[in-house]
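Note sheet for the following structure.
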Amino acid sequence: MMQERDPKEEDDDFQPPKKKTKRKVKEDRFAGPTTGDVLQNYSKEFTCKNTAASNSWVLKTFQAWMRNRRSVELPTDEQVPEDILSSGDAELLQKWLICFVLEVRKISGEKYPPKTILHLLCGLQRAVRLQQRSSSFNFFDKADHRFQGLRNAFDKVCRELRREGLGMIIKHHPFTNVRFMFVLQIYSCVLTCGFCVFTCGFCVFTCGFCVLGRLWLGCCGGREIQLVKTP
């Protein structure tokens, strides 16, 4: 029978497996107790800083529009309700949003481009959803027929603004670039001058050729006359 060899004899570097040691449990394994303020802060919904700034600007613009409308003498039913964004009445909310789209202006009194009006409506939709946690309103969803009138009004306003030149991306042709036009004028002047020089040189060459031709003809003609008179 064959005898089993000891692995230590075959490999001098053989090392027996190490025994697993239990880790000591530290007394400060967990973090300290969480206070109420920290718990409340972490339980809030995360909002990007840019989104928060955008929401703040949209609400300020909407509130400024509401104050401006209240400053005008209008019937009671034509005054904007203060809690319109928290209203669950889709028809009433759509009515005042359409008025907002038609009447909103910059601080200078100029009209907003279509992209900015879209940005305002998106911000108002976020505000409605924040104030109405269970709200299913979607201003831009074609399947939501409750806000079809708002979408139609927004499209018409965008068309009118584009006719006025607002919100349109004007692509300048490269030939309208001032530097390019300056370089083009220089090249045209150089080409014109070169052509003039070439034309003048050609004229000089032609005149010289004509003069030489007349001289040559004059010489040949004199010889022929002399030959004729000789007999």
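For the single chain, residues carry numbers from 1 onward in sequence order. Just so it is clear, the model here is predicted, and its values are computed rather than measured.
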| Atom pair NZ (Lys111) and OG1 (Thr116), whose distance is rounded to the nearest 0.5 Å | 14.0 Å

| said: Show, in sequence, the C-alpha distance, side-chain angles and deciding distance for Cys122 and Leu118, and conclude whether the side chain to side chain contact (heavy atoms under 4.5 Å, CB included) test is met. | reply: CA-CA 6 Å; Cys122 291; Leu118 177 62; 4.2 Å; yes

| message | With a sphere of 6.0 Å drawn around CD of Glu78, does it hold more than 12 non-hydrogen atoms of other residues, nucleotides or ligands? | response | yes

| Check: Phe139 and Val128 side chains under 4.5 Å, non-hydrogen atoms | yes

| said: Quick check on Lys106: does its NZ atom have over 12 non-hydrogen neighbours (other residues, nucleotides or ligands) under 6.0 Å away? | reply: yes

| Got a second to check how far Cys158's SG is from Lys115's NZ, nearest 0.5 Å? | 12.5 Å

| field | Distance, nearest 0.5 Å, that separates CD of Glu164 from CZ of Arg159 | value | 14.5 Å

| field | Gln63 vs Glu82, side chain to side chain contact (heavy atoms under 4.5 Å, CB included): CA-CA, chis, key distance, verdict | value | CA-CA 9 Å; Gln63 291 169 1; Glu82 295 183 1; over 6 Å; no

| said: Would you compute the distance between atom CD of Glu103 and atom CD1 of Ile98 and round it to the nearest 0.5 angstrom? | reply: 11.5 Å

| Would a 4.5 Å heavy-atom cut-off, applied to side chains only, mark Leu93 and Ser87 as touching? | no

| said: Nearest 0.5 Å, please: how far is CG in Leu130 from OG in Ser86? | reply: 12.5 Å

| task | Would you indicate whether the side-chain heavy atoms of Asn138 and Arg129 approach each other to under 4.5 Å? | result | yes

| field | Common cluster, Phe140/Phe137, ILVMFWY with side-chain heavy-atom separation under 4.5 Å | value | yes

| field | Shared hydrophobic cluster for Leu102 and Leu74 (ILVMFWY, side-chain gaps under 4.5 Å) | value | no

| Polar side-chain atom of Glu110 near backbone of Arg105 as donor-acceptor pair, under 3.5 Å | no

| task | Could you walk me through whether His119 and Trp57 pass the side chain to side chain contact (heavy atoms under 4.5 Å, CB included) test, one step at a time? | result | CA-CA 11 Å; His119 182 68; Trp57 172 73; 3.4 Å; yes

| said: Could you report the tightest heavy-atom contact between Leu85 and Ala127, atom names first, then the distance? | reply: CD1-CB, 4.3 Å

| query | Would you say Leu121 and Phe154 make side-chain contact, with heavy atoms under 4.5 Å? | reply | yes

| query | Under the 3.5 angstrom rule, does the side chain of Asn55 hit a backbone N or O of Gly123 as a donor-acceptor pair? | reply | no

| Taking all atoms of both residues into account, what is the closest heavy-atom pair of Pro114 and Arg162, and its distance? | CB-NH2, 4.3 Å

| task | Could you tell me which residues satisfy salt bridge (Lys or Arg N to Asp or Glu O under 4.0 Å) with Arg126, sequence neighbours excluded, listed by chain and number? | result | none

| query | Can you name the closest pair of heavy atoms from Ile84 and Val80 and give their distance? | reply | CG2-CG1, 4.2 Å

| request: Please test Ile117 against Leu161 for side chain to side chain contact (heavy atoms under 4.5 Å, CB included), starting from the C-alpha separation and ending with a verdict. | output: CA-CA 11 Å; Ile117 298 177; Leu161 293 173; 3.7 Å; yes

| query | Which pairs pass ring pair (Phe, Tyr, Trp, His ring centres under 6.0 Å) with one or both residues in residues 69-108, sequence neighbours excluded? | reply | Phe62-Phe100, Trp65-Phe100

| task | Starting from the C-alpha separation in whole Å, work towards a yes-or-no answer on salt bridge (Lys or Arg N to Asp or Glu O under 4.0 Å) for Glu91 and Arg146. | result | CA-CA 7 Å; Glu91 185 178 357; Arg146 294 172 295 182; over 6 Å; no

| Nearest-0.5 Å distance, CD of residue Gln94 to CG of residue Asp144 | 9.5 Å

